[in-house]
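Structure record follows, encoded as structure tokens.
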Amino acid sequence: MTFTFNRRMFLGAAGAAASASLVRAAAKPDDRIILGEGKHRYEWVKNWSKLPDGMTFGNTHGCIVIDSKKRIFMNTDTENAVIIFDASGKFIKAWGKQFAGGAHGMCIVKDKGKEVLWMSHIGRHEVVKCTLDGDVLMTLPFPEKSGVYEKPEEYKPTSVAVAASGAVYIGDGYGKSWVHMYSPAGEYVKSWGGKGTEPGKLSTPHGVWIDTRKKETVLLVADRSNSRIQVYDLEGKLLDSVTDIVKRPCHIHQHGTDLLIPDLTGRITILDKDNKLVAHLGANSDPTIAGKNPVEPEKWKDGEFTAPHCARWDDQGNMYVLDWNKFGRITKLKKV
């Protein structure tokens, strides 16, 4: 049987494929910019963040987390290592002079009924547990017991996640590409991964996330330089790998049954409950600046990211995206 694939059919198929894999910004008659489609439609909020007069972000090379009061916490490389906004973008406070130059990955969890913030630090070669005001409660230094480091400077943790049991998981993204597990009391338990491309090995495990979407809770690792998400059980056994969807995944966040993945190449990715592609949003159209750090504000374009480094949904489904940028850039996408 001969099947003729004519031009109209080709264009229809190409259009369907494009809508599944890449959704760009659409300008509305009222000058709004809308990203996405279906249940994932977002309005790009222009000039969302409002810093005090004379204050600048500096380099944004960290993470975003949101507490139960709907406050948005973000990192910079300056003495304002943690800056806090409300949902409208109003500046609340900043702290972290002692954490300048390397605050990188964060998560907020409840501990004995109170919210605490865990933060990895690539410059201090450690992970800290602290109050939401920055008072240190526990410090996890470089995992000497793992036997994979000769000195602390080889350890540059980029992300931290805490399971319901209290077990702590750390991705050494800029160091030797291991994942380390600690007990709730901060005692070293085990490590897995190490530099490599084969399944189970890692190359820049930049982000870690406790995935509770299904019956079995698992650990997701954004294996950035290998262009994949690896799925492990909570003891480090490799279960699965998500490939051919992400390019340089930095972090992972969950809302309901969906995952949000910032991709350093200049876009964000949404996956469904089965880790299938829903959409790529905000893809940068200029290859000369996509994935680059020193991109001047005059080159930014509403509706397009430059180098997404972290992204978070709030409980209403609004999205916040932090670009890795010398001048500092955070964007809110309001769910439509």
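Between E235 atom CD and W192 atom CH2 the span is 7.0 Å, to the nearest 0.5 Å. Going from atom CD1 of I270 over to atom NE2 of H280 covers 10.5 Å, rounded to the nearest 0.5 Å.
Of the possible polar contacts, one joining the N325 side chain to the V295 backbone as a donor-acceptor pair under 3.5 Å is found. Q230 places no side-chain N or O within 3.5 Å of a backbone atom of P199 that could act as its donor or acceptor partner. When atom types are taken as modelled, the side chain of Y169 and the backbone of L234 share a donor-acceptor pair closer than 3.5 angstrom. Using a distance-only test at 3.5 Å, with no hydrogens or angles considered, no donor-acceptor pair links the side chain of N80 to the main chain of W95. Under a 3.5 Å cut-off, the side chain of S177 and the backbone N or O of T204 do form a donor-acceptor pair. The main-chain N or O of S285 is found under 3.5 Å from a side-chain atom of E304 such that the two form a donor-acceptor pair. Between the side chain of E115 and the main chain of D67, no donor-acceptor pair closer than 3.5 Å is present.
Taking each heavy atom of L202 and Y232 in turn, the nearest pair found is CD2-OH, 3.5 Å. The minimum heavy-atom distance linking E43 with V336 is given by the pair N-CG2, 3.5 Å. Between P308 and T306 the shortest heavy-atom distance is CD-C, 3.9 Å.
The salt bridge (Lys or Arg N to Asp or Glu O under 4.0 Å) contacts involving residues 307-328 comprise K70-D315, D323-R329, where partners must be two or more places apart or lie in separate chains.
Electrostatic pairing of R267 and D263 counts as a salt bridge here, judged by a charged N lying under 4.0 Å from a carboxylate O. Looking at E198 and K201, no side-chain N of the basic residue comes within less than 4.0 Å of a carboxylate O on the acidic one, giving no salt bridge. The pair D86-K90 fails the salt-bridge criterion, with no side-chain N (NZ, NE, NH1 or NH2) lying under 4.0 Å from an Asp/Glu carboxylate O. Using a 4.0 Å cut-off between charged side-chain N and carboxylate O, E126 and R124 make a salt bridge. Comment: K299 does not engage D286 in a salt bridge, judged by the lack of any side-chain N to carboxylate O separation of less than 4.0 angstrom.
Classified by interplanar angle (parallel below 30°, tilted 30° to 60°, perpendicular above 60°), the ring pair H104/H61 is perpendicular. The aromatic rings of F91 and F85 sit perpendicular to each other, their planes meeting at more than 60°, with 30° as the lower class boundary. Note: Y188 and H180 have tilted aromatic rings, judged against thresholds of 30 and 60 degrees for the angle between ring planes. Relative ring orientation between H309 and H251 is described as perpendicular, the plane-to-plane angle rising above 60° on a 0-90° scale split at 30° and 60°.
Outside the 6.0 Å centre-distance limit, the rings of Y149 and W178 are not counted as a close aromatic pair.
V109 and L219 are members of different hydrophobic clusters when ILVMFWY side chains are connected at heavy-atom separations under 4.5 Å. Both M181 and V179 are members of a single hydrophobic cluster when ILVMFWY side chains are connected at heavy-atom separations under 4.5 Å. Residues I108 and M106 share a single hydrophobic cluster, defined by chaining ILVMFWY side chains whose heavy atoms lie under 4.5 Å apart. Hydrophobic cluster membership differs between I66 and M319, with clusters built from Ile, Leu, Val, Met, Phe, Trp and Tyr side chains linked at under 4.5 angstrom.
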Practice problem: Please report the C-alpha distance between N275 and I229 in whole Å, then the side-chain angles of each, then the deciding distance to 0.1 Å, and finally whether the side chain to side chain contact (heavy atoms under 4.5 Å, CB included) criterion is met. | Solution: CA-CA 10 Å; N275 295 330; I229 304 294; over 6 Å; no

Quiz item: W118 and L140: side chain to side chain contact (heavy atoms under 4.5 Å, CB included), yes or no, with the steps?
Solution: CA-CA 10 Å; W118 286 86; L140 301 182; 3.8 Å; yes

Exercise. Let me see the working for K195 and S203 under side chain to side chain contact (heavy atoms under 4.5 Å, CB included), right down to the final yes or no.
Key: CA-CA 5 Å; K195 191 78 169 181; S203 183; 3.1 Å; yes

Practice problem: Walk me through it: do M119 and N75 pass the test side chain to side chain contact (heavy atoms under 4.5 Å, CB included)? | Solution: CA-CA 10 Å; M119 181 168 61; N75 297 128; 3.9 Å; yes

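The one candidate from K276, K39, K273, R213 that meets the salt bridge (charged side-chain N to carboxylate O under 4.0 Å, His left out) condition with D258 is K39. For the pairing with F305, the ring pair (Phe, Tyr, Trp, His ring centres under 6.0 Å) check across W44, W300, Y320 returns one residue only, W44.
The salt bridge (charged side-chain N to carboxylate O under 4.0 Å, His left out) test applied to E144 returns no partner, not counting sequence neighbours.
K335 forms a cation-pi arrangement with Y42, by the criterion of a distance under 6.0 Å to the ring centre and an angle within 45° of the ring axis.
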